[in-house]
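Below is one structure, written out as structure tokens; comments come after it.
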Amino acid sequence: MKYDFHNIEKKWQDRWEAEKTFIATDDFSKPKFYGLVEFPYPSGHGMHVGHIKAYSGLEVVSRKRRMQGYNVLFPIGFDAFGLPAENTAIKEGIHPRVVTDRNIEHFSEQLKRAGFSFDWSKVIDTTSEDYYKWTQWIFLKMFENGLAFRDTALVNYCPSCKVVLSNEDSQGGKCDICHSDIIQKTKDVWYLRITKYADKLLEGLKDVDYLPNIKMQQENWIGKSTGAFINFSIDGIDEKLRIYTTRPDTLFGVTFMVIAPEHPIIEKYRDRIANIDALDEYKLECQKKTEFERTQLVKDKTGVKIEGLCAINPANGKRVPIFIADYVMMGYGTGAIMAVPAHDQRDYEFAKKFGVDIIQVIEGGDISVEAYTGDGKMINSEFLNGYTNKKDSIARMGEEIEKMGIGELGVQFKMKDWAFNRQRYWGEPIPIVHCPKCGMVAVPYEELPLKLPAVENYEPGQGGESPLAKIDSFVNCECPKCKGPAKRETDTMPQWAGSSWYFLRYIDPHNDDAIASEEKLKYWMPVDWYNGGMEHVTRHMIYSRFWHKFLYDIGAVPVAEPYAKRTAQGMVLGANGVKMSKSLGNVVDPNDVIDVFGADTLRVYVLFMGDYGSAAPWNDSSVKGCKRFLDRVAELTNIAKGNGVTPELESAFHKTIKKVSSDIEDMKFNTAIAALMTLINQIFDHGSLTVDELKIFISLLCPFAPHISEEINEMLGSKELLAISPWPEYDEAKTVDSTVEIAIQLCGKMKGTVLVPADCDEDTAFKTIIDSGKLGDQLDGKTIVKKIYVKNRIFNIVAK
RNA sequence: GCCGGUGUGUCGGAAUGGCAGACGAGACAGACUCAAAAUCUGUUGUCAGCAAUGGCGUGUGGGUUCAAGUCCCACCACCGGCACCA
């Protein structure tokens, strides 16, 4: 057969489309498989080979499932709201809608050229009105349930993009979109109360099958810690200073307090504070520091003692000074701490610098040198003295502080509420009306979708307001409640909104009455296997689990966790071993590869290049190697004759079926392909194979290289598509050879190999080894001390 | 600092505690060719040797075991996440 991949690939792509081969059906009696890949943002640059790798993993699994008789949902869509389309619109003066449609079309063409078995009847676009209608619907449900709220707070603001960013979008103090430095700004913004779900998000991880590092990152991000809240009285006034600590049992070691520079108590008692000028000056200094200076220059502790306010340790009535210092953050805990310098290194450094007392309450270490953070016997702590176990002493202190009414045990999370808005045009309008009489009023459900109005200028306002604010016809409206004049919210939702529930819409994308029908949700949910990039583990993954859990709580979806299993692919690096980027000129365009080598070669290569979960550099020569393999597959048609089995190859075939089947499940695509390469080498060494065997070979190859496999299948006279033909079965008994080569060792040293019957007993194996003469005279004059025989593997003789 | 992960030929990478380097690439040699490409055949961890063969080899140092890339302890390097998180 001549391997004319251009014609072959076009031919089968057309046929799959015509026959609706990959469309998930409503046959709920069949077992289902829902495979999900992260839908792309349709950028103007088109796809790069990283997308191909990202989708090829579950593409192979989905294709195998179909052959195994599953009803498979393997959908694709476009996460199309976002700044790049809007920036193109600003630059070129084209409506973002037009830009987006153009990009989606380009992406779709590329995806189809790669031969992916997506269900194109269920494609979704987060920017279409019948999609974002439901994004808005979910937002209103959250608003109704008190999970969407407005608050004036210190927010992360990107001066370059002119938008407020969530914590997740400003990791490391850099804007996630343009990488410029984030500044802190006080602003009235929308939040989603994700912290209410912190515990559920953490607990839910116990019930899902995510890769360990994915779970770890989520746990880390949620950042649960257990401890206690304790209220310290302030001497002379009726005020409590509430602190959070993970070691309430060190309360007797408290020698001072520290509050964040922004702590409200300073403003409240300005008049009582003798050195308010010094505090104000310090506060100003802190504001000037960049995030980096404040968090990275850990060495040098700074702060100012508050003159005029003094706290009282509720455990022993001792008066302790209060400092302001920027090593305490307003955003975590209560913005105030009790300092125990003997057992906390930061407090220790601060105490040393400011000459505060250090009282040891846990035995151990040398506190003249550094804080002791290990375990030990409690001392100087009245009722806690003698406790040696931190768990017990904390529990006892918990009881005591509750008895005294000065606090309680509690938990804290690092995760913060989700700043949920962008002051930009190309996003879902937030369906809220501000009425001077009624306050914030939800747009009635029947008025959804609240559509984006046409605007002429997409530039955001200088004061950080959305371009929508300039459209009077949009802004001015009637209050749904009192019918009086009111104004619409002009912020739009952040980019993560649409992707927080898209997996639900794939199930029933054209439903006008609900997110999806109950019956279909019951059948298809949860997603059986979700694969994507590690970069989405703490943003999209957390957000979408949160939305899903909320929808579950209001009875809109039938399962608590959206994704039963989550894996991640590694990046495709440039040929020079660094991340592909336009500026470095090392980006590989999948179209170029398909033009020269074909889609099948590209698909095989991205999976063969290395461990699926690890990053690996692109290598043009290795791509050629995969093409060579497929050329040899085409050659098989020339040496296939007759039916039945070839005795010499039978076991090799059964072994390969077994290996490819299990390797696909373990995402070990590289070794699955290597097994097929090994088999083809064996076939050519033998010189021929039967038509039945060729059919098995192309069935195993089909998920990886479907076009050439279909073509050969047709040549073999099959009328049915290979894509829905049965997956080959193997016979375990036939995966073992009748004779095996075992290694001979003398005292653990390799001395050669010998052929023995499979599973033969020790005496037979020993006799075969002696008769083989492989040990020569090496046993002469020695006594055999021990014989270790591992069936079908090794015979180790220990002799002296 | 804390939490994960990874260290194997020239390169990408294989190895349920049991023959290290599968498979692919590259390189070298040969065949075909006027020639090149493509294709096919062979060699390819390293050191010594004409050879048979032997020594050494999975980041470093120890340990367990008949047997360690794999298990245990200590360390080094790199990658990723979190980070004055109380």
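Chain letters run A, B, ... following the sequence lines, proteins first and then strands; every chain starts at 1. Predicted model, so just to flag it, every value in this text is computed and none were measured.
With A/Glu38 as the partner, the side-chain hydrogen bond (donor to acceptor under 3.5 Å, both in side chains) test is satisfied by one option alone out of A/Gln569, A/His536, A/His540: A/His536.
A/Lys659 comes within 4.0 angstrom of no nucleic acid atom, judged by non-hydrogen atoms across all strands. Within the 4.0 angstrom heavy-atom criterion, base atoms lie near A/Thr753. Across all strands, A/Gly625 comes closer than 4.0 Å only to sugar-phosphate atoms, never to a base (heavy-atom distances). Counting non-hydrogen atoms under 4.0 angstrom, A/Ala615 reaches the backbone sugars and phosphates but no base.
Regarding A/Leu573, its CG atom lies at a distance of 14 Å from the C1' atom of B/C11, rounded to whole Å. If you measure from atom NZ of A/Lys301 to atom P of B/G1, you get 14 Å, rounded to the nearest angstrom.
Looking at heavy atoms from C-beta onward, A/Asp737 lies out of side-chain contact with A/Asn792 at the 4.5 angstrom threshold.
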Review item, nucleotides 36-47 of chain B N/O atoms under 3.5 Å of protein N/O:
{"unit_1": "B/U39", "atom_1": "OP1", "unit_2": "A/Arg628", "atom_2": "NE", "d": "3.2"}

Pull out every protein N or O sitting under 3.5 Å from an N or O of nucleotides 63-67 of chain B, one pair per line with the distance.
{"unit_1": "B/C66", "atom_1": "O2'", "unit_2": "A/Asn796", "atom_2": "ND2", "d": "3.3"}
{"unit_1": "B/C66", "atom_1": "O2", "unit_2": "A/Asn796", "atom_2": "ND2", "d": "2.4"}

Let me check I have this right: for RNA chain B, each base becomes ., (, ), [, ] or |, based on Watson-Crick or G-U pairs with both distances under 3.5 Å. What is the full string? (((((((..(((.....[....)))((((((.......))))))((((....))))..(((((..]....))))))))))))....

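The stretch residues 598-612 of chain A comes close to RNA chain B through A/Phe608, A/Met609, A/Asp611, each having a heavy atom under 4.0 Å from the strand. Residues from residues 240-259 of chain A placing a heavy atom under 4.0 Å of any atom in RNA chain B, listed by number, are A/Tyr244, A/Thr245, A/Thr246.
A/Thr302 and A/Tyr282 form a side-chain donor-acceptor contact under 3.5 Å, judged by distance and modelled atom types alone.
Place A/Gln217 and A/Lys414 on RNA chain B by their nearest nucleotides, and A/Gln217 ends up nearer the 5' end.
You'll find that the side chain of A/Asn670 is closest to B/A14, out of B/G18, B/C84, B/A14. Proximity note for A/Asn681 (side chain, C-beta onward) versus B/C82, B/A25, B/G24: the nearest is B/G24. The A/Lys668 side chain lies nearest to B/A15 when the options are B/C56, B/C84, B/A15.
Ion pair A/Lys206/A/Glu219 not flagged as a salt bridge, since none of the NZ, NE, NH1 or NH2 atoms sits closer than 4.0 Å to an Asp/Glu carboxylate oxygen.
Centroid-to-centroid, the aromatic rings of A/Phe256 and A/Phe350 come within less than 6.0 Å.
Annotation: side-chain hydrogen bond (donor to acceptor under 3.5 Å, both in side chains) contacts involving residues 246-255 of chain A, sequence neighbours excluded, comprise A/Arg247-A/Asp249, A/Asp249-A/Ser393.
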